[in-house]
Amino acid sequence: IITRSSKTENVGVMPQVNISAGRLTVGGVAGRNEKGTGQITHLQVFGLVFDEFSNYQYLGGISGENQSGSIIEACTFLKGKIKESGSAAGNCYGGIAGKNSGRLFNCEVQEITCEVQGIYTATSTSTAKEKEDLASLIGGIAGKNEETGSIVECRLAGSSNTISAGRGMAGGIAGYNNGRIELSGDSIVEQIMQEAQSAGGSPQKVENVQQLIELASGMKLKADSQYVQWNDNNPHLENFNYANRGSGISKNRTLTLTMSVNGNVGGITAYNSPKGSVDHCATGNWYVSNKSNAIGVGTGGIIGMNES
């Protein structure tokens with residue numbers, strides 16, 4: 001058990017892991033949160049840098065791997081950086097956990113910078129399992145959420161988060177989801193997806209679409225409706241401006257999520273497997289872009305490719 005019950009404890013020092021062996025499991029607090037007994041609660045990891053690594057299989061801002069039956073609760077990864085210099089298929093990187101088979105609850109990632117070269121060798125005829133095995137998996141909260149894993153009330157917050165990958169599966173919450181993601185996404189998700197708590201009662205999930213629209217409008221969340229000004233001299237969409245106001249379409253976003261070569265991208269998860277579920281989640285003022293021109297990859301504001 002790693003915990004601070006009365007207040008959040010800060011962790012701000014991470015020694016460089018320089019081991020010649022590959023496929024390491026590395027975390028800002030723990031490499032592995034052990035099956036059935038592990039608890040990591042009320043910790044804040046601040047300013048931690050995982051830089052130019054090439055031999056990490058599972059990497060998380062809090063724990064590299066959160067195993068089945070274990071919990072990470074009320075933890076924050078703040079102003080951290082993850083930058084990979086070499087990748088392998090099956091590697092998992094996340095702001096809270098690289099690979100999650102347990103429970104991630106009420107955790108938050110703020111101001112993360114994640115830069116991954118990544119691997120993606122799956123094709124349009126690959127099975128869901130093959131796509132999982134043949135890709136690097138990157139998520140704001142967890143790289144991969146396993147069948148026994150749950151991500152509940154976890155958020156991306158702060159004024160600027162960046163997740164950029166060359167290849168793989170990249171999601172705002174999880175790269176690959178084989179478990180359950182609920183009430184997670186942007187920091188405003190609970191204000192949109194839950195009704196106000198009554199005296200002595202518990203919040204209820206909003207089920208009415210019109211009510212969701214009204215709540216989103218109240219949080220100033222709405223679709224961009226202005227035309228984009230084309231620029232032949234600068235073909236990169238993220239550098240385009242809106243025609244009527246001159247501001248860049250990717251500027252001032254709370255999350256910029258991009259795939260530059262090949263793979264799947266989704267605001268909540270890049271890939272929702274046949275066993276995965278995404279329930280009452282919301283993105284925010286986010287920019288999501290996929291430059292892959294391959295057949296059989298997906299891009300979505302919520303889910304890049306849904307097999308569920």
Across all chains, not counting sequence neighbours, the ring-ring contact (aromatic ring centres under 6.0 Å, His included) partners of F53 are Y56, Y93
Can you confirm whether M259 sits close enough to V297 that some side-chain heavy atom of one is under 4.5 Å from a side-chain heavy atom of the other?
no
So, taking the atom named CG in N33 and the one named OG in S101, what distance separates them when rounded to the nearest 0.5 Å?
11.0 Å
Determine whether I96 and C154 make a side-chain contact, defined as any pair of heavy atoms from C-beta on separated by less than 4.5 Å.
no
Can you list every ring-ring contact (aromatic ring centres under 6.0 Å, His included) pair that touches residues 120-169, not counting sequence neighbours?
none
Remaining members of M219's ILVMFWY cluster at a side-chain heavy-atom cut-off under 4.5 Å?
L183, I188, V189, I192, M193, V206, L212, L215, L221
Any residue meeting side-chain contact (heavy atoms from CB on, under 4.5 Å) with N285, in chain and number order, not counting sequence neighbours
R253, T254
Within the supplied structure, the quantity of interest is the number of heavy atoms (other residues, nucleotides, ligands) at a distance under 6.0 Å from K79 NZ; does it exceed 12?
no
Do C281 and I181 have side-chain heavy atoms sitting under 4.5 Å apart?
yes
My understanding is that only residues two or more places apart in sequence, or in another chain, count here; which of them pass side-chain contact (heavy atoms from CB on, under 4.5 Å) with A157?
E108, Q110, S187
Mind checking what makes side-chain contact (heavy atoms from CB on, under 4.5 Å) contact with S217, not counting sequence neighbours?
none
S308 versus G276, closest heavy-atom pair with distance
OG-O, 2.9 Å
Taking the side chain as every heavy atom from C-beta outward, state whether K81 and D51 have any atom pair closer than 4.5 Å.
yes
Given a cutoff of under 4.5 Å between side-chain heavy atoms of I, L, V, M, F, W and Y, with clusters grown through shared members, what are the other residues clustered with L134?
none
Would you say L255 and I163 make side-chain contact, with heavy atoms under 4.5 Å?
yes
Within a radius of less than 6.0 Å around NZ of K205, do more than 12 heavy atoms belonging to other residues, nucleotides or ligands occur?
yes
Supply the members, apart from V152, of the Ile/Leu/Val/Met/Phe/Trp/Tyr cluster built from side-chain contacts under 4.5 Å; use none for a lone residue.
F105
Once salt bridge (Lys or Arg N to Asp or Glu O under 4.0 Å) is applied, do any residues pair with E190, and if so which ones, sequence neighbours excluded?
R155
Can you list every pair that meets ring-ring contact (aromatic ring centres under 6.0 Å, His included) and has a residue in residues 258-285, with sequence neighbours left out?
Y176-Y271
Residues clustering with V261 (ILVMFWY side chains joined when closer than 4.5 Å, directly or via others)
none
If we only count heavy atoms from C-beta on, is the K144 to M169 side-chain gap below 4.5 Å?
no
ring-ring contact (aromatic ring centres under 6.0 Å, His included): which pairs involve residues 220-269, sequence neighbours left out?
W230-F240
With a 4.5 Å heavy-atom cut-off, do S247 and N252 have their side chains touching?
no
